[in-house]
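Below: one structure, written as structure tokens.
Just so you know, these numbers use all the heavy atoms, side chains as well, and skip hydrogens, waters and symmetry mates. Residue indices begin at 1 and follow the sequence shown.
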Amino acid sequence: MEKQRVVVAMSGGVDSSVTAALLQEQGYEVVGVTMRLSEEARDADLDGRSCCSLSSVDDARRVADILGIPHYVMDFTEPFQRLVIDYFTQEYARGRTPNPCIACNRYIKFEGLLEKTRALGAQYIATGHYARITHTEDGIYHLRKGIDAAKDQSYVLYHLTQEMMDHVLFPLGDYRKDEIRRMAEDYGLPVAHKAESQELCFVPRDDYKSYLRTHAPQTMQTGAITDRTGHVLGTHEGIAFYTIGQRRGLGIAAEHPLYVTALDASENRVIVGASDEVFARALTASDLSWTLSRPPHKPRRVRAKIRYGKREADAWMEPQGDGTVAVHFSEPQRAVTPGQSIVFYEGDAVLGGGSIDHVIP
């Protein structure tokens, strides 16, 4: 029987390396691909922890050599600039907080790589994400959380559709991180104890403020810090330097602690208020994507997650008929941030998600 071919997105880290080894062990014909995303990430990363630095490409190539699989470097710099970096700077200019890793997963690692894998004659792509895909007897796929709750990455994968999941493999979803490092040792992979990076791959030294000064100077205009009535309390350095819920670094002397409650890009204002003003009971979201076989048309109870490191909260989701949803929380949520993603769950299954637009106190 002819082996099924799978393209593994190899970043040079332990997770993608063990992904390739596991799939090879399971009988797949594995092809390793490292995606070249940005010149800045390639040249500025000094410790090799960026997913597309020169040393990370070398690590991926070394692992491929050990496993005896072909390895290619594919150039995604143009779509990465247009769909990830430009989006990143434009969102900050709009007074929103972007999520470039989700944009990269959506447009580059899955949509883009899936398209290119067909040229290699592959049936599947695989990544080192800690998530699972299951399917029922009638062929419906379900995106589920990885069993390692501390590493679960299902939040950043809500864009996967039924058609896409038919061609995606997540072999690490059934394992814990410590098991993966032990497997890497057993396979004799030199990246078994390589450090992980939580940084943006295209922002040198994770200094996003310096990056924005160079690439989006329009976000650096100073302006007023006001309360919600418009009373001026101070001056800000540029709206991109502030986030919803922020307390430190405001430079305002006040009787009570003040927090950033909103960013008004049209007036170039940072709006602050008391701690209770940071909470929201509802929101609206757009740019929706559903893992379901059919998008929901009726209101339903869900568990909703408003950022990667946040726990899910009980909520009532109402499709609006115009491609948006309204979400009402059972308990007010702190620091709901326009531009971030909200992801909907039922149990351990991802239903879909979208981009937060408006926050309702």
Side-chain angles (χ1 to χ4, degrees), residues 91-102 149-150 155-156 198 200 206-209 212 219-286 301-318 324-345 353-361:
E91 285 289 87
Y92 272 119
R94 295 173 62 196
R96 293 161 59 93
T97 302
N99 203 324
C101 292
I102 285 182
Y155 173 84
V156 302
Q198 304 299 320
L200 295 179
D206 204 31
D207 186 354
Y208 86 97
K209 292 183 179 180
L212 288 172
T219 65
M220 301 296 105
Q221 297 175 12
T222 59
I225 300 177
T226 76
D227 61 19
R228 62 181 176 179
T229 68
H231 180 63
V232 176
L233 303 174
T235 303
H236 68 74
E237 301 175 3
I239 56 174
F241 290 168
Y242 299 82
T243 57
I244 306 300
Q246 177 179 334
R247 176 185 174 187
R248 297 180 184 276
L250 300 180
I252 299 173
E255 257 183 64
H256 304 289
L258 294 174
Y259 302 80
V260 176
T261 61
L263 301 174
D264 182 354
S266 64
E267 298 291 334
N268 193 27
R269 286 192 305 157
V270 172
I271 302 169
V272 298
S275 59
D276 61 344
E277 295 179 67
V278 181
F279 286 81
R281 59 184 175 83
L283 61 82
T284 61
S286 62
R301 288 282 175 193
V302 296
R303 297 276 289 171
K305 189 170 185 173
I306 59 171
R307 71 176 59 87
Y308 184 76
K310 184 92 170 173
R311 287 185 177 183
E312 300 112 64
D314 288 326
W316 182 249
M317 179 187 69
E318 295 182 279
T324 68
V325 294
V327 181
H328 302 269
F329 296 103
S330 297
E331 295 183 0
Q333 296 298 298
R334 188 181 188 280
V336 179
T337 305
Q340 289 287 287
S341 293
I342 182 167
V343 178
F344 307 114
Y345 292 82
S355 180
I356 297 170
D357 281 337
H358 301 291
V359 177
I360 304 169

Polar side-chain atom of [X] near backbone of [Y] as donor-acceptor pair, under 3.5 Å:
{"X": "K209", "Y": "L212", "answer": "no"}
{"X": "S266", "Y": "D264", "answer": "no"}
{"X": "Y155", "Y": "K310", "answer": "no"}

Notebook entry, point to check: Please walk me through it: do E331 and D314 pass side chain to side chain contact (heavy atoms under 4.5 Å, CB included)?
Noted result: CA-CA 8 Å; E331 295 183 0; D314 288 326; over 6 Å; no
Where [X] and [Y] come nearest, the two heavy atoms and their spacing:
{"X": "N268", "Y": "Q221", "result": "ND2-O, 3.3 Å"}
{"X": "A240", "Y": "Y208", "result": "O-OH, 3.2 Å"}
{"X": "I342", "Y": "A304", "result": "CD1-CB, 3.9 Å"}
{"X": "Y92", "Y": "T219", "result": "C-CG2, 3.9 Å"}
{"X": "A335", "Y": "G245", "result": "CB-CA, 4.3 Å"}
{"X": "A93", "Y": "A265", "result": "O-CB, 3.8 Å"}

Going from [atom1] on [X] to [atom2] on [Y], what distance comes out if it is rounded to the nearest 0.5 angstrom?
{"X": "S355", "Y": "Q340", "atom1": "OG", "atom2": "CD", "result": "8.5 Å"}
{"X": "I306", "Y": "I244", "atom1": "CD1", "atom2": "CD1", "result": "11.0 Å"}
{"X": "L263", "Y": "F241", "atom1": "CG", "atom2": "CZ", "result": "13.0 Å"}
{"X": "I239", "Y": "R94", "atom1": "CD1", "atom2": "CZ", "result": "11.0 Å"}
{"X": "K305", "Y": "Q333", "atom1": "NZ", "atom2": "CD", "result": "12.5 Å"}

Check: Residues two or more places apart in sequence or in another chain: which of them pass side-chain hydrogen bond (donor to acceptor under 3.5 Å, both in side chains) with E312?
Finding: K145
Check: Tell me, which pairs form a side chain to side chain donor-acceptor pair (under 3.5 Å) where one or both residues lie in residues 222-232, sequence neighbours left out?
Finding: T226-R269, D227-T229
Note to self: Tell me which pairs pass side chain to side chain donor-acceptor pair (under 3.5 Å) where either residue lies in residues 245-261, with sequence neighbours left out.
What the structure shows: none
Item checked: L250 side chain reached by L233 side chain, heavy atoms, under 4.5 Å -> no
Check: So do R96 and I356 actually touch side chain to side chain, heavy atoms under 4.5 Å?
Finding: no
Side-chain donor-acceptor contacts of residues 271-284 below 3.5 Å, not counting sequence neighbours, with atom names and distances?
residue, atom, partner, partner atom, Å
E277, OE2, A274, N, 2.9
R281, NE, P361, O, 2.7
T284, OG1, H358, N, 3.3

Margin query: For D207, give me all partners under salt bridge (Lys or Arg N to Asp or Glu O under 4.0 Å), at least two apart in sequence or on another chain.
Written below: none
Note to self: My understanding is that only residues two or more places apart in sequence, or in another chain, count here; which of them pass side-chain contact (heavy atoms from CB on, under 4.5 Å) with T324?
What the structure shows: S286, Q320, D322
Margin query: Classify the ring geometry of H236 against Y242: parallel below 30°, tilted from 30° to 60°, perpendicular beyond 60°.
Written below: perpendicular
